[in-house]
Amino acid sequence: MNVKIARGWERIGFRLYRDNIYLLSPASQDLEEQRGVLRGHLAELGASWRNATVARSQE
């Protein structure tokens, strides 16, 4: 579980400093870029859920 959490922090721009301490550089654009990517994934998930809901209601 800790590995998955660490990957999540790293995916949005945090970097391991030491002993499970993660830091985010204030000059880094990683966080803003990854927020856009995550928003896109969330929009895709929402659309697929809506499509599945509509398909079930038409059966």
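Note that these values count all heavy atoms, side chains included, but never hydrogens, waters or copies made by symmetry. Owing to the predicted nature of the structure, the values given are computational and were not obtained by experimental measurement.
In terms of heavy-atom proximity, R15 sits nearest to E10 at NH1-O, 3.0 Å. Considering every non-hydrogen atom in both I12 and L38, the closest pair reads CG2-CD1, 3.7 Å. Taking all atoms of both residues into account, the shortest heavy-atom contact from Y22 to L16 is CD2-N, 3.5 Å.
Atom CG of L45 is separated from atom CZ of R50 by 10.5 Å, given to the nearest 0.5 angstrom. From Q34, atom CD reaches atom CD of E32 across 11.0 Å, with rounding to the nearest 0.5 Å.
By the neighbour-count criterion of 12 heavy atoms within 6.0 Å, atom CG of N51 is densely surrounded, having more than that number from other residues, nucleotides or ligands.
Two different hydrophobic clusters hold L23 and F14 under the rule that ILVMFWY side chains link at heavy-atom gaps under 4.5 Å.
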